[in-house]
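Okay, so here's the structure we're looking at.
Both counts, for ligands and for their atoms, begin at 1 and track the order of listing. All values below were derived from every heavy atom in this structure, side-chain atoms included, with hydrogens, water molecules and symmetry-related copies excluded. Quantities reported herein were computed from a predicted structural model and do not represent experimental measurements. Note that the numbering runs from 1 along the sequence shown for the chain.
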Amino acid sequence: MGGLTAEIFARVVEFHGHMCPGLALGIRAAEVARAEVGLNSPENPVVAIVETDLCPADAIQYLTGCTFGKGNFIHLDHGKNAFTFVRLRDGRGVRVVARPDAFGPPDPDFTALLEKVRSGQASAEERARFEEAQRRRAEAILQAPLDRLFQVRPAEARVPPRNRAVRWEVCDGCGEPVLTSHLERRDGGVYCRGCSGSAE
Ligand SMILES: [Zn+2]
Ligand SMILES: [Zn+2]
């Protein structure tokens with residue numbers, strides 16, 4: 001189970017909504033983070049830079065303590081199963097990248113099944129077969145040695161500073177309060193990003 005207690009494992013699955021190979025991969029990436037830089041805490045601030053917005057991102061947030069709302073979970077929309085963890089105390093960082101075969105060898109039967117399920121064309125029997133295959137693939141990822149799943153390299157600690165104001169002003173366009181850091185000032189008015197287009 002990727003070094004997790006049964007209870008934490010159940011909770012991360014509940015948080016994500018289902019067990020799947022992507023969640024399993026994120027669970028294992030979090031395991032690397034814990035070993036290499038430690039989990040995020042007030043004493044050990046860690047930033048996660050995650051290059052996918054798919055299933056693994058939920059496991060990373062739940063298990064490392066780096067979360068979107070705290071600003072120490074940064075999403076780069078690169079479409080990669082690549083995860084960088086940086087320990088701010090000393091700048092130690094690692095980039096954890098899934099190997100091309102992390103999800104198992106190519107399996108045309110499974111790919112065909114996946115397409116059918118995605119397009120809503122699968123029968124109940126095919127959906128059940130898909131669920132079972134997903135469960136097996138996730139299980140294999142949870143059991144695999146970490147170096148079979150990932151390439152882990154030292155990473156430079158390039159954490160973009162979080163430039164967030166803590167003051168609010170009311171947008172002259174929509175009347176909604178907005179952080180001053182996110183306002184545009186023009187023609188003596190202030191506009192949120194939603195309104196700034198129409199304010200031109
Ligand atoms: Zn999932
Ligand atoms: Zn507005």
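Counting heavy atoms from C-beta on, the side chains of L113 and E126 come closer than 4.5 Å.
The aromatic rings of F83 and F85 sit parallel, their planes meeting at an angle under 30°, below the 60° perpendicular limit.
Judged by the 6.0 Å and 45° rule, R137 forms a cation-pi pair with F110.
Rounding to 10°, one obtains 140° for the angle at the Zn ion (ligand 1) between SG (C55) and NE2 (H18). Rounded to 10°, the angle formed at the Zn ion (ligand 2) by C192 SG and C174 SG is 120°.
The nearest N/O/S atom of H16 to the Zn ion (ligand 1) is NE2.
Between the side chains of R87 and N44, no donor-acceptor pair is found at a separation under 3.5 Å.
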